[in-house]
Each structure stands twice: as structure tokens, then as C-alpha cells.
Amino acid sequence: MKAKKDNPGDLLQGTLDMLILKSLVRGQKHGYAVAEWIHLTSDDVLRVEEGALYPALHRLELRGLLSSGWGASDNNRRAKYYSLTAAGRKHLAAQSEYWSRMSAAIARVLRTA
Amino acid sequence: MFAEWIHGLRLRLKALFHRRQLDRDVEDELTFHLAKREEKYRAEGIDPEEARYAARRQFGNAMLARERSRELWAFTALETIWQDVRFAARMLAKDAGFTLIAILTLALGIGANTAIFSVLDSVLLRSLPVSHPEQLVVLSDPDEHGSSFGSEGGDRSLLAYSEFEYFRDHNAVFSEIFAADSQLPQLEVTIANSSSGMGAQKESVRIRLVSGDYFATLGVIPAAGRFFTREVDRARGGSPIAVLSYAFWKQRFGLDPLTLGKTIQIRQTSFQIVGVTPPEFFGETVGAFPDLWIPMMMQDSIYPGRDLLTAAKDLTNMHMWLQVMARLKPGVTSEQAKAGINVAFKGLLESKVGASISAEERRKDLDQRVNLQRAAGGSSVLREHFGEPLKILMAMVGFVLLIACANVANLLLARGAARQREFAMRIAIGAGRGRLIRQLLTESLLLAGSGAAAGLLLAHWADALLLRMVSGASSGPPSIHLDLQPDARVLGFTLGVTLLTTILFGLLPSLYSTRLDLTPVLKSTPAGTPSEALHRRFPAGKILAVTQVAVSIILLVSAGLFVRSLSKLGEVKLGYNRENLILFRVDAAPGGYKGAAIPRFQLDLLARISAIPGLRGATVSKNGLFSGSESADPIAVEGYTPKAGEEMHSRMDHVGPGYFSTLGITILMGREIEAQDTASSVRAAVINQTFASRFFPNTNPIGKRVRDTYPGNPAEMVVVGVAADAKYNNLREKANPRIYAPIANPMWENSAAVYEVRTYAHPQAVAAALRQVVQEAAPTLPPIEIHTMSALIDDSVQTDRFIEQLASAFSLLALLLAAVGLYGLMAYTVSRRTRDIGIRLALGAAPANILSGVLRETLLLVLLGVAIGEPVALAGARLIKSMLFGLGPLDPISIFSAAILMVTIAALAGFLPARRASQVDPMVALRYE
């Protein structure tokens with residue numbers, strides 16, 4: 001069983017999950033669209049490679065935070081679409097709140113030096 | 001967290017069945033992603049070549065994505081295990097010779113263990129297949145079977161019907177209680193066969209008499225029809241109904257539903273079949289399986305001419321023949337029940353004890369107890385005799401398994417050595433040592449599993465053989481019925497043994513074989529120069545071999561003791577001649593003979609038998625020889641004053657004229673019982689030597705009077721002769737004082753007698769004539785069963801023979817396995833040293849020296865094993881002391897024969913590799929890589 005709970009020290013993993021969940025708030029997307037959305041919304045700063053993206057998507061799906069379905073894309077190819085589940089929304093809310101607290105705390109520490 | 005895990009598990013399980021679909025999905029997802037990106041590049045105006053390069057640069061990333069995604073979706077643990085299993089199976093199949101030998105060895109070890117355990121489970125451990133057997137208790141002795149007449153002090157073995165009735169009506173501790181005949185007679189009955197109309201055949205069936213609440217107490221539900229209830233206990237002879245066993249219904253009636261309502265004719269009465277028991281039910285006695293159950297009130301049909309149900313007047317002439325079992329009321333413990341029942345028993349005894357007896361006699365009469373005990377396992381005809389032997393055999397067969405495991409471990413060590421390069425390669429490209437070990441253990445598990453499966457088959461076949469041995473079926477079909485089908489406990493045992501053997505023989509070799517220095521091994525040739533680890537492996541192989549030898553010695557010594565014990569039993573002097581002697585019992589009761597008519601009938605029959613031509617002699621006695629019958633009474637002897645607390649008891653028998661001369665028992669003084677000793681004269685009696693030396697130490701016993709002081713039948717006798725001691729019931733019995741009265745002038749009434757007939761040659765010739773004579777003399781009696789004296793004696797040592805045969809078989813098996821193990825070890829050692837031997841031979845060493853060198857090495861191992869094994873064997877032999885006869889555990893012959901046998905076989909085993917070593921061609925050896 002490779003599904004691990006979020007290791008508090010593993011910011012990268014948990015952060016990516018959070019970004020993926022956020023990208024799906026407005027509706028379902030396929031994997032490429034998720035990566036594009038993160039890239040665009042972060043002003044080209046964050047680029048997600050497929051070696052990290054798809055394992056993360058599948059892990060979130062196995063945890064029940066995403067649900068998936070196959071459909072036709074805009075170019076009539078077969079694509080897998082992901083959407084948030086209720087559990088996913090809850091998890092996103094919790095993680096966002098946690099992230100805000102953490103980043104505010106870190107910023108405070110860095111300001112003092 | 002947990003909910004997420006479950007969700008993942010469910011999705012993964014679904015994916016398990018759609019592997020290919022899953023792979024395609026992952027593939028498609030990535031292909032789509034790549035296509036979209038290419039689209040984007042084209043849209044941005046990037047050159048298609050550039051785009052393709054960019055795509056290929058991302059290839060690794062795509063590969064990574066694919067791999068990791070697939071891993072997520074798969075049950076990696078399960079898949080690696082499945083991978084291991086497939087690989088292990090392939091590796092084992094490649095080395096078919098090794099695999100076959102290993103599986104065969106394990107099959108022998110595990111199979112033998114399962115076989116013995118299933119017998120042990122059936123005899124000692126299993127509960128009755130009834131409802132809540134843990135609530136059952138027994139008031140009689142569950143190992144006692146038979147019928148006794150008179151009285152009994154101390155803990156009761158069997159109970160009388162009146163006592164059962166009293167307990168039934170006067171207790172507060174049982175919810176139900178039943179009585180059952182402790183014997184299982186086999187009778188000739190006629191079953192009305194409506195389909196064939198006329199000509200119903202006589203057939204032999206086993207019938208158990210039981211009281212009305214029998215089935216209710218045990219809590220069984222009929223497979224067909226109904227059971228009888230306590231209504232049937234009301235009237236004697238009032239319920240001619242019968243319940244069939246499922247097996248009998250199947251075998252005799254083919255499960256025909258129309259069987260209910262058919263009748264079975266037992267003697268004069270027609271019994272109607274009213275029900276059938278469930279398939280797994282066999283009654284309350286393990287090992288004895290009735291075909292029919294009929295109500296106890298129908299006793300006259302089974303034992304005609306006898307009244308076994310009416311209460312005796314007092315405590316002296318009781319018929320004790322019943323097993324009584326009961327179900328405890330909820331909340332009542334067996335201790336409470338025992339106390340309660342004994343209080344009731346006391347009350348019963350006191351109400352029946354004679355009024356005009358002395359205080360001493362009264363105290364003795366009231367000294368009786370019911371030893372109530374738990375009876376989840378019911379009653380048994382096997383526990384008493386086979387309990388100990390089975391436990392010992394279980395230990396022995398465990399040792400055999402140890403030796404088998406040591407053999408396979410050695411094989412695995414050798415194989416591991418041969419696969420060094422493979423292991424080094426796999427470790428070099430990244431397999432963890434743990435993974436290798438896991439894979440090797442998987443191989444071991446596969447071997448053990450296959451061995452176990454083959455072993456179960458072996459056990460199934462062996463169980464049939466064991467059953468034959470247990471029932472002592474030297475004459476006729478087995479009379480013991482045991483269900484040896486593996487139940488959950490036996491299968492669980494086999495599984496546990498399999499896992500244990502896997503660890504025993506698999507773990508060490510896998511740990512050893514994978515501990516290696518990579519570079520030297522990879523650089524070495526396929527045959528390989530032995531690595532460091534290999535040298536370390538030698539002690540392991542030798543330790544295993546020595547252990548095998550030591551354990552074999554333990555088994556050989558034990559087997560030797562049993563063999564010698566049995567042969568000593570065979571040498572026991574009976575005190576009479578057993579050649580050409582046949583015996584059969586005739587019970588006059590069914591013919592309606594009573595009182596004085598009985599001895600008249602018995603002697604008349606003797607006269608008719610004696611008239612048969614071709615007989616050397618014929619006589620009769622009440623208790624027979626080795627017939628399971630015995631009598632004893634308290635006595636008073638003229639001129640002998642008993643010491644304080646001395647029990648004045650003697651064994652007794654009633655014999656016909658010519659008893660001693662026909663049997664060949666020496667008369668030491670006076671004369672034997674003769675035709676003139678009838679009821680009209682003073683009762684003559686012959687005493688045996690033990691009686692004479694005990695009660696007439698310094699006087700001539702002839703003419704002295706002896707009185708039977710049993711209150712039920714006081715009698716006077718005059719001694720007319722002294723006979724030599726003899727064995728009457730089993731070969732191990734110690735001599736008891738015995739007195740023989742004339743059968744024509746008996747001291748008590750007993751309708752059965754055993755006829756002893758000596759023939760000139762083969763008894764079979766006379767058998768037909770005997771049957772005819774008995775038939776003519778008493779047409780109403782059932783046909784007689786003729787036994788030879790030799791067969792009866794053989795049956796009496798059946799347990800000893802059982803353990804002797806199995807112990808010998810197991811120890812020889814162990815010897816064989818140990819020899820094979822030694823051979824394997826030495827052959828392997830020699831093959832490893834081929835180059836060195838070749839060099840030595842080339843330098844001028846004599847082949848004979850090489851041979852003796854290898855032999856010496858072998859013998860050193862064996863002698864070490866013997867030196868360790870013998871003391872352990874002697875220590876263990878003390879545990880079996882009680883089963884031995886005529887020798888103690890420190891028997892030198894057994895000890896030395898075991899050692900000599902072991903050394904001889906081991907020398908043979910080591911000789912072949914030694915010879916091969918000496919025959920090495922130096923030229924070939926030096927080129928041997």
C-alpha cells in the first residue's frame with residue numbers, strides 16, 4: 001500500500017496535492033488542464049512535470065479525495081477527467097487553512113532577523 | 001485516515017480484476033497529455049522537429065509517471081509475492097531431481113505425523129458429535145465395558161439399572177440422564193425385505209440397548225423419522241422399536257425413505273424402524289459403532305433368559321452392566337454434580353444394605369462411590385490401551401520429521417552453494433538480501449506445501465492400515481470403527497507442522513546462502529571455487545548429519561526395547577499347552593435353562609462333544625482362558641488365621657472333569673476334578689500353587705476345608721488337589737491364589753461356559769462337527785464363535801504389537817533418512833574436493849588411503865552422533881518403562897544393536913562416495929573446473 005498520509009515534513013508532496021485540489025474547485029479537469037492551470041495561475045512560476053503530477057492525481061483518487069471519469073476531450077480524444085469529492089473539498093479547506101497559518105508564521109520569523 | 005485506506009483498497013481490488021484495462025488507462029492518460037503538449041507547441045509555432053525533441057526529453061518523466069501510477073494501483077505486496085511464487089516454482093521445476101527427493105522426504109515426515117495425529121485426535125481429543133458435549137458427564141467408568149455380577153467397592157466402574165433409575169428420579173443437578181449397555185453385542189437378525197418378498201436373509205448387526213432419554217440427553221436430531229423418548233422406559237417389552245444409524249441406513253437400505261416402518265426381527269420380536277440418526281453420529285462410545293439402537297426395556301430380546309433390569313434384593317447380587325451419562329443443568333459444575341450424586345448414592349446404598357450384618361461388613365458395603373467426571377469425549381474402548389502408546393508414537397514420528405527436515409536442509413544448503421553466482425548477480429543489480437531470503441523461503445514453502453499435500457494422501461492411506469492394527473484384526477473384519485477423516489484440528493495441525501518444517505529446513509540455508517562477498521563470487525567460474533561462506537557451511541552440514549544420527553539412535557533404541565519386550569512376552573510360560581486348542585462360549589440362558597438344569601446341560605453338551613471322533617480331549621470351564629472373564633470371592637480357610645488387615649480373597653473358576661489334564665496343567669498334589677464330583681457329593685476343589693503356598697504354607701492342603709464367604713452365595717469346599725500356576729487373562733498377570741470347583745456343583749448360578757477342545761491337527765476340520773453338535777443339543781441358541789488359543793493370546797498383546805510394529809517402522813524410516821542424509825553430505829564433500837583428491841593421487845597417494853580417509857570422516861560423524869544419541873535415548877527410555885515387559889530401560893542388547901546397526905548402515909552410506917573419491921582420475925580431476 002503506497003498510500004501514505006501526509007508527512008508533515010514533506011511539504012512538497014502535500015503542497016502539490018493542495019494545488020491540484022484547488023485547481024478542481026471550479027469544475028472537472030483532465031491532468032493536462034490541471035498542470036496548465038497551476039502553471040498559468042502561478043504566473044509561470046510553478047511547473048508540474050507529469051512524473052509528479054499523475055502519481056499525485058492517482059494517489060488522491062485512491063484516497064477518495066478525487067473521483068474520475070473518462071470522456072471525450074475538446075479534440076475528440078479519450079481523456080480522464082478528475083473532480084473533487086466532498087471529502088476532497090473538506091481536505092482542501094483544512095490544508096489551505098494550515099498552509100496560511102504556516103506561511104504567516106514563517107514570514108513572521110523571517111521578518112525579525 | 002482509515003476511511004481513505006479502505007477506499008483505496010476497494011478501488012485497488014476492482015483494479016485487480018482489470019489489470020490490462022488499468023494499464024491501458026494509464027497509458028492513454030499519458031498519451032493524451034503528451035498529445036496536448038505537442039498541440040500547444042504547434043500552436044505556439046515551435047518547429048515540429050523541436051517539438052519532437054522536447055517530447056522525447058520528457059520521455060523519462062513519462063516513463064516515471066507510468067511506473068509510479070501503476071505501482072500505486074497495484075497491490076505491490078501481493079504482486080511481489082505472486083512473482084516470488086512463480087519464480088520459485090520455475091526454479092524448483094528446473095532442478096526436478098532435487099525437488100522430487102525433497103518433496104518425497106517431506107511427504108514421509110509430514111504424512112507420518114498427520115497419520116498418527118489423526119488417530120490420536122480421534123481416540124483422545126475429539127468431542128462427541130453431539131450438541132454441547134462439554135456439558136456431558138459420565139457416572140460410570142468410561143473405559144470399562146462388560147458386565148459384572150455381584151458387588152463392587154470403591155469407585156464404581158459400571159452401574160446397575162436400578163441405580164440408574166434412582167439417579168434419574170432423585171437428582172437436582174442433571175437436565176437429562178441416560179443409561180446405555182456398555183457392551184455392543186452382535187446379533188443375527190432378519191430384516192423383512194418387502195421388495196424381495198420371501199426369503200429374508202439373516203444378517204449380523206451390532207445393537208446397543210439404551211434408555212429412553214438417550215437421544216434427548218445427547219441432543220441429536222434425527223436425519224429421518226423420530227427417536228424414542230422416555231415413554232419407552234415404562235413397560236418392559238412394551239416398545240419394540242428401533243433407530244438405525246445413518247451408515248447402516250445407507251449401506252443396507254440405500255437411504256430409501258420407505259425404510260421407516262419396516263421391521264427387523266430379533267429373535268421372537270419384530271422391531272419397527274422409527275428413525276435414523278444423523279450422519280456424523282456414532283453413539284456415546286468412541287470406537288464402537290452400533291447399527292441399531294433399541295430401548296433398554298427390550299433387554300430380553302438381546303439377552304434372553306437373563307433379568308438385567310430388576311433391582312437386586314440387596315447389595316450383593318447386582319447386575320452391573322451400564323454406562324450412565326448425563327447433561328449438567330446450566331450453572332452446575334461437575335464438582336457440585338459429583339457431590340450431589342454421591343449424596344443420593346449414599347441414600348440408595350443405605351436403603352438397600354442388609355439389616356443383619358456386622359458393622360464391618362456394613363462399612364464395606366457402604367464404601368462405594370460414583371466417580372463423576374466430564375465426558376465430552378464420551379466413553380471409549382480405545383483410550384485406556386492406546387492412549388500412552390499413541391503419545392509415544394507421536395513423539396517418535398516428530399523425531400522422524402526432524403530428521404527429514406535436516407535432510408532437506410542439507411539439500412538446500414548444497415543447492416544454495418551451487419547458486420552462489422545467481423545470488424551475487426541479483427544482489428549486484430539491486431535486490432536486497434531480504435528479498436532474496438524471502439524468495440528462498442517461498443521456495444521452501446512451496447516444497448513444504450507440496451510435501452504436505454502428498455503427505456495428506458499418504459496419511460489417508462496409512463490411516464486405513466493403522467485402523468486395522470488398532471482393531472487387532474488378525475481374525476475377521478475390524479471391530480473398531482474410528483472416524484479418521486481429517487477434521488479442522490488435524491488440518492490445522494498439518495498446516496502448523498508444514499509451517500514449522502519450512503522454518504526448520506528453510507531459514508538457515510537461506511540465511512547462509514545469501515551471506516556472500518560479491519566480487520570473488522562473481523569472478524569465480526560457474527562451479528565456483530568455494531567462497532568463505534561455503535567453508536563456514538561445512539560445519540552446518542556436519543552438525544545436521546550428527547543430529548540426524550543422534551535422533552535416529554533415540555528411535556532405534558526405543559524400537560529395540562519394544563521389539564525385545566514383545567519377544568519376552570512371547571516367551572512367557574502359560575502353564576498349559578496352547579497347541580491345537582480351540583475355545584468357544586455357550587450361554588445356556590437363551591435356551592431357557594435355569595438352576596440345576598444349567599450344569600446338566602453343560603455336562604451333557606461336553607459328553608456330546610467328547611464323542612466327536614478325532615479329538616484329543618475336551619473340557620469346560622466357566623471363565624475360559626483369555627476370554628475376558630474372571631470371578632473372585634472372599635474366602636475363609638481352615639487352619640489359617642488372617643493377619644490384621646489381610647484381604648482374604650481368591651480367584652475362582654468352575655471346571656469340568658479332565659480340565660487340568662486336557663489343558664496340560666500339572667497336578668502337583670492329589671487329583672483333579674473328575675466325573676465323580678457332582679452335586680450329590682461333598683464339593684471337591686483344586687487349589688493352585690499360589691493358593692497353597694499362601695494359605696497352607698506348612699501343611700498338607702489335601703482334605704482341608706475352604707469356605708466362600710460372599711454373602712450372596714456362601715459355599716463349602718474340600719481341597720482334593722493342588723495344580724501348578726497358569727496364566728488366565730493376560731501374559732503379564734502376576735500369579736493369584738485360585739480355586740477351582742466342579743462345574744457340576746457350582747457355588748453360584750452362571751449360565752455361560754467356555755468349552756476347551758484339543759485337536760490332533762488343524763482345528764478347522766473339527767469346527768464344522770462342533771457347530772453341528774451344539775446346534776443339535778440346543779437349537780434355540782445362537783451359533784458359536786470358535787477361537788484358537790493362539791489367536792486369543794495374540795489379541796491380548798495387540799497393543800504391544802501395535803506399538804512395536806510402528807516404532808520399528810518409524811525407526812527404520814529414520815535410519816533410512818539419516819543414511820541418505822549422510823550419503824548426500826559425503827557425496828557433496830567429495831565432489832567439492834575433487835581437485836584436491838586429484839592432486840593427491842597425482843602426487844602418489846594410494847587410492848586405498850583416500851577411501852579410508854573419507855570413510856574415517858564418515859564414521860567420525862556417526863560415532864559422534866551415537867555418542868550424543870545413546871545417553872539421550874536412555875534418559876528417554878525411562879518414560880516408556882511402564883510399557884516394557886521383562887526388561888528395564890537400560891537393556892544392553894537394545895543399546896548395542898542400535899549403535900551397531902547405525903554404524904553399519906552409515907558405513908555403507910559413506911562407502912559409495914569414498915569409493916568414488918578413490919577412483920578419481922587425476923587427469924580429469926586436475927582439469928575439473
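So you know, we letter chains A, B, ... as the sequences are listed, proteins then strands, and number each from 1. Everything quoted here is computed from the prediction, not taken from an experiment.
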Can you find a side-chain donor-acceptor pair between A/His58 and B/Glu29 that sits under 3.5 Å?
yes
Distance check, rounded to the nearest 0.5 Å: B/Phe32 atom CZ versus A/His30 atom NE2?
3.5 Å
Can you confirm whether B/Lys40 is buried at NZ, in the sense that more than 12 heavy atoms of other residues, nucleotides or ligands lie under 6.0 Å from that atom?
yes
Using a cut-off of 6.0 Å, state whether more than 12 heavy atoms not belonging to A/Lys22 lie near its atom NZ.
no
If every non-hydrogen atom of B/Leu11 is compared with every non-hydrogen atom of A/Glu61, which pair is closest and at what distance?
CD1-O, 3.6 Å
I'd like to know which of B/Arg10, B/Glu39, B/Lys36 tops the heavy-atom pair count under 4.5 Å against chain A.
B/Lys36
Decide yes or no for B/Asp28 and A/Arg77: does some side-chain heavy atom of the first lie under 4.5 Å from some side-chain heavy atom of the second?
no
Min side-chain heavy-atom separation A/Tyr32-B/Arg37 under 4.5 Å
yes
Turns out that what part of B/Ile6 lies under 4.5 Å from chain A's heavy atoms comes down to neither
A/Glu36 portion near chain B, given a 4.5 angstrom heavy-atom threshold
side chain
Indicate yes or no: at least one non-hydrogen side-chain atom of A/Trp70 is less than 4.5 angstrom from one of B/Asp25.
yes
Nearest atoms (heavy-atom pairs only) where B/His33 meets A/Ala35
CE1-CB, 4.5 Å
pair B/His7-A/Leu62: side-chain heavy atoms closer than 4.5 Å
no
Which atoms form the tightest heavy-atom contact between B/Ser69 and A/Pro55, and what is the distance?
OG-N, 3.8 Å
